[in-house]
S.K.: 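Pasting a structure below so you can have a look.
As the structure is a computational prediction, the values presented were derived from the model and not from experiment.
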Amino acid sequence: MQTKMLSTRTMLAALLCGASLALAGAPAMAQSDGVSTFKAVPKRAAAAAQAAAQRDFAQFVTHQMQVRGTTGTPVDFPLEINDMQDLKDAKVGYGFPIYTIDPNELLAGRGSMKQMAKATGQWRFVILLNQRPIGMATVELNNGNYETVAYGAAVLAKDVDASMGYYGDAERTNVRFVRIYQARADLLEVVGREDGRTRYAPLHSARESLLMQQRSVKEGKASEALMDEADILQPLRSAVKQTMDASK
């Protein structure tokens, strides 16, 4: 579900001896009111998470330049760049909180997916190079402070950026990123700007793990490419149940 990720919890040591790659695991569940809008996210938390992403990325760039040099094509690099010089122009873009659904609740059907989705406490920030997504920074709350724990996921960054462009309003307040860990599936939950209906856009990982086709987005009719919960719920439940059965 994720592309290569560079852990920053051990960044200093890792950068001195070469890049260290790690997958970011599922964070502990936090409570949410289930409202599908970024307006439900406290502005203070959003600002703190973004400030951490910007601070840590500046440090990341400095260390990478020291270790790898300022030019040349990076090998096994977590962000999609052609030359180390690109890092000087890369910036932390917009971010969004990660939501998930408890697998037992999903299987039991204890409400709609919108109601069951809870915030994880983890954030993702898109890293942009000349307005082009080249990866993401994963930010988590650790001992009361936000810190970046991983970089990577260039494929997901492109997918999310395009999907939010299709379906999101100007401030992306009508969309939520939902990750179903046990199904290895990422979804974009979308509240229609005109009809208020909640529907879903399966992202790359969901299309692969759930064997779903990407629906084409027609100009002016993006909502027609979305899927109703009824269309996506059964494949999700089957994938979750298979994973849970295999772990017993």
S.K.: Within the side chain of Ser209, is there an N or O that forms a donor-acceptor pair under 3.5 Å with the backbone of Ala183?
M.R.: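 Yes, the answer is positive, given that a donor and an acceptor are paired below the 3.5 Å cut-off.
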S.K.: Look at the side chain of Asp169 and the backbone N and O of Arg172, then say whether any donor-acceptor pair between them is shorter than 3.5 Å.
M.R.: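 Yes, Asp169 side chain to Arg172 backbone: donor-acceptor pair under 3.5 Å.
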S.K.: Assess the residue pair Val139 and Gln122 against the criterion (side-chain contact (heavy atoms from CB on, under 4.5 Å)); give the C-alpha distance rounded to whole Å, side-chain angles, the decisive distance to 0.1 Å, and a yes or no.
M.R.: CA-CA 6 Å; Val139 176; Gln122 188 182 85; over 6 Å; no
S.K.: Which pair of non-hydrogen atoms, one from Gly95 and one from Phe125, has the smallest distance, and what is that distance?
M.R.: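 Scanning both residues, the minimum pair turns out to be CA-CD2, 3.3 Å.
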S.K.: What's the separation between atom CG in Leu203 and atom CD in Glu208, rounded to the nearest 0.5 Å?
M.R.: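 Here the rounded value is 12.0 Å.
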S.K.: With a 4.5 Å limit on heavy-atom distance, are the side chains of Leu188 and Met164 in contact?
M.R.: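 They are in side-chain contact.
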S.K.: Check the angle between the aromatic planes of Tyr94 and Phe96 and answer parallel, tilted or perpendicular using the 30° and 60° thresholds.
M.R.: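 Aromatic pair Tyr94/Phe96 classed tilted.
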S.K.: Go through the steps for Arg197 and Asp228 under the test side-chain contact (heavy atoms from CB on, under 4.5 Å), then give the verdict.
M.R.: CA-CA 9 Å; Arg197 289 175 56 194; Asp228 291 325; 2.6 Å; yes
S.K.: Mind checking the CD1-CE spacing from Ile101 to Met113? Nearest 0.5 Å is all I need.
M.R.: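 It is 4.5 Å, given to the nearest 0.5 Å.
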S.K.: Donor-acceptor pair, Arg55 side chain versus Gln50 backbone, under 3.5 Å?
M.R.: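 Side chain of Arg55 to backbone of Gln50, a donor-acceptor pair under 3.5 Å: no, none is there.
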S.K.: Can you see which heavy atom on Leu106 is nearest to which on Arg237, and at what distance?
M.R.: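 Heavy-atom minimum between the residues: O-NE, 2.9 Å.
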S.K.: With a 4.5 Å limit on heavy-atom distance, are the side chains of Tyr99 and Thr120 in contact?
M.R.: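 A side-chain contact under 4.5 Å is absent here.
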S.K.: Can you tell me how far apart CG (Asp89) and CG (Leu128) are? Round to the nearest 0.5 Å.
M.R.: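 Those atoms lie 12.0 Å apart.
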S.K.: Check this for me: Gln85, atom CD, are more than 12 non-hydrogen atoms of other residues, nucleotides or ligands nearer than 6.0 Å?
M.R.: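 Yes, the 6.0 Å shell around CD holds more than 12 heavy atoms from other groups.
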S.K.: So Asp186 and Phe177, side-chain contact (heavy atoms from CB on, under 4.5 Å) or not? Walk me through it.
M.R.: CA-CA 7 Å; Asp186 294 328; Phe177 183 98; 3.5 Å; yes
S.K.: Which atoms form the tightest heavy-atom contact between Pro202 and Arg207, and what is the distance?
M.R.: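 Shortest heavy-atom separation between Pro202 and Arg207 comes out as O-NH1, 2.9 Å.
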S.K.: Quick one: does any side-chain atom of Thr138 pair with a main-chain N or O of Val149 as donor and acceptor, under 3.5 Å?
M.R.: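 No, the answer is negative, given that no donor and acceptor are paired below the 3.5 Å cut-off.
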S.K.: Can you confirm if the aromatic rings of Phe60 and Tyr151 lie within a centre distance of less than 6.0 Å?
M.R.: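 Centroid distance Tyr151-Phe60: below 6.0 Å, so yes.
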S.K.: Using a 3.5 Å distance criterion without hydrogens, assess whether the side chain of Thr100 forms a donor-acceptor pair with backbone atoms of Arg179.
M.R.: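 Yes; at least one donor-acceptor contact below 3.5 Å.
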S.K.: With Pro74, which residues qualify under side chain to side chain contact (heavy atoms under 4.5 Å, CB included), at least two apart?
M.R.: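 With sequence neighbours excluded, Pro74 shows a side chain to side chain contact (heavy atoms under 4.5 Å, CB included) to Arg68, Phe77, Ile81, Met84, given in chain and number order.
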S.K.: Does Lys118 reach the main-chain N or O of Gln115 with its side chain, forming a donor-acceptor pair under 3.5 Å?
M.R.: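 Judged by distance alone, yes, a pair lies under 3.5 Å.
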S.K.: Could you grab the distance from atom CD1 of Ile134 to atom CG of Leu129, nearest 0.5 Å is fine?
M.R.: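 Between Ile134 CD1 and Leu129 CG, I get 5.0 Å after rounding to 0.5 Å.
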S.K.: If you apply the rule salt bridge (charged side-chain N to carboxylate O under 4.0 Å, His left out), what do you find for Asp83 with Lys88, and how did you get there?
M.R.: CA-CA 10 Å; Asp83 190 275; Lys88 295 180 179 179; over 6 Å; no
S.K.: For salt bridge (charged side-chain N to carboxylate O under 4.0 Å, His left out), just list the numbers for Lys158 and Asp161, CA-CA rounded to whole Å, side-chain angles, deciding distance to a tenth of an Å, and then say yes or no.
M.R.: CA-CA 5 Å; Lys158 295 175 185 177; Asp161 190 62; over 6 Å; no
S.K.: In the structure I gave you, are the side-chain heavy atoms of Arg132 and Glu80 within less than 4.5 Å of one another anywhere?
M.R.: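 Counting from C-beta outward, Arg132 and Glu80 do come under 4.5 Å.
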S.K.: Any heavy-atom pair between the side chains of Glu189 and Val175 that's under 4.5 Å?
M.R.: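 A side-chain contact is absent here, since even the closest heavy-atom pair is not under 4.5 Å.
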S.K.: Please check this pair: side chain of Thr198 against backbone of Val191, looking for a donor-acceptor N/O pair closer than 3.5 Å.
M.R.: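 Not at all, since once roles are kept as given, no pair shorter than 3.5 Å links the two residues.
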S.K.: Nearest 0.5 Å, what's the NZ-CZ distance between Lys114 and Arg199?
M.R.: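 It comes to 12.0 Å.
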S.K.: Does CD belonging to Gln131 count more than 12 external heavy atoms closer than 6.0 Å?
M.R.: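 Result for CD/Gln131: open.
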S.K.: Can you name the closest pair of heavy atoms from Gly135 and Leu79 and give their distance?
M.R.: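 What the structure gives for the nearest pair is CA-CD2, 3.8 Å.
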S.K.: Cut-off 3.5 Å, side chains only: do Arg184 and Ser205 have a donor facing an acceptor?
M.R.: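 Looking only at side-chain atoms, Ser205 and Arg184 do not form any donor-acceptor pair under 3.5 Å.
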S.K.: With a 3.5 Å distance limit and no angle check, can you tell me whether Ser238 reaches the backbone of Pro235 through a side-chain donor-acceptor pair?
M.R.: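 Pair absent, no side-chain N/O of Ser238 close to backbone of Pro235.
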S.K.: Looking only at heavy atoms, what is the nearest atom pair of His204 and Asp159, with distance?
M.R.: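 Shortest heavy-atom contact: N-OD2, 2.5 Å.
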S.K.: Which atoms form the tightest heavy-atom contact between Tyr167 and Ala201, and what is the distance?
M.R.: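 Heavy-atom minimum between the residues: CE1-CB, 3.7 Å.
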S.K.: Given Glu147 and Asp56, is the side-chain contact (heavy atoms from CB on, under 4.5 Å) satisfied, shown in steps?
M.R.: CA-CA 7 Å; Glu147 65 177 17; Asp56 294 342; 4.2 Å; yes
S.K.: For the backbone of Asn82 and the side chain of Asp86, can you confirm whether one donor and one acceptor N or O come within less than 3.5 Å of each other?
M.R.: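 Side chain of Asp86 to backbone of Asn82, a donor-acceptor pair under 3.5 Å: yes, one is there.
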S.K.: Report yes if some heavy atom in the side chain of Tyr200 is under 4.5 Å from a heavy atom in the side chain of Glu229; otherwise report no.
M.R.: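 In short, these two side chains touch, coming nearer than 4.5 Å.
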S.K.: Quick one: CG on Asn174 to CZ on Arg193, what's the gap to the nearest 0.5 Å?
M.R.: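 One gets 6.0 Å once the value is rounded to the nearest 0.5 Å.
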S.K.: Side chains of Phe57 and Ile127: closer than 4.5 Å at any heavy-atom pair?
M.R.: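 Yes - at least one pair of side-chain heavy atoms lies under 4.5 Å apart.
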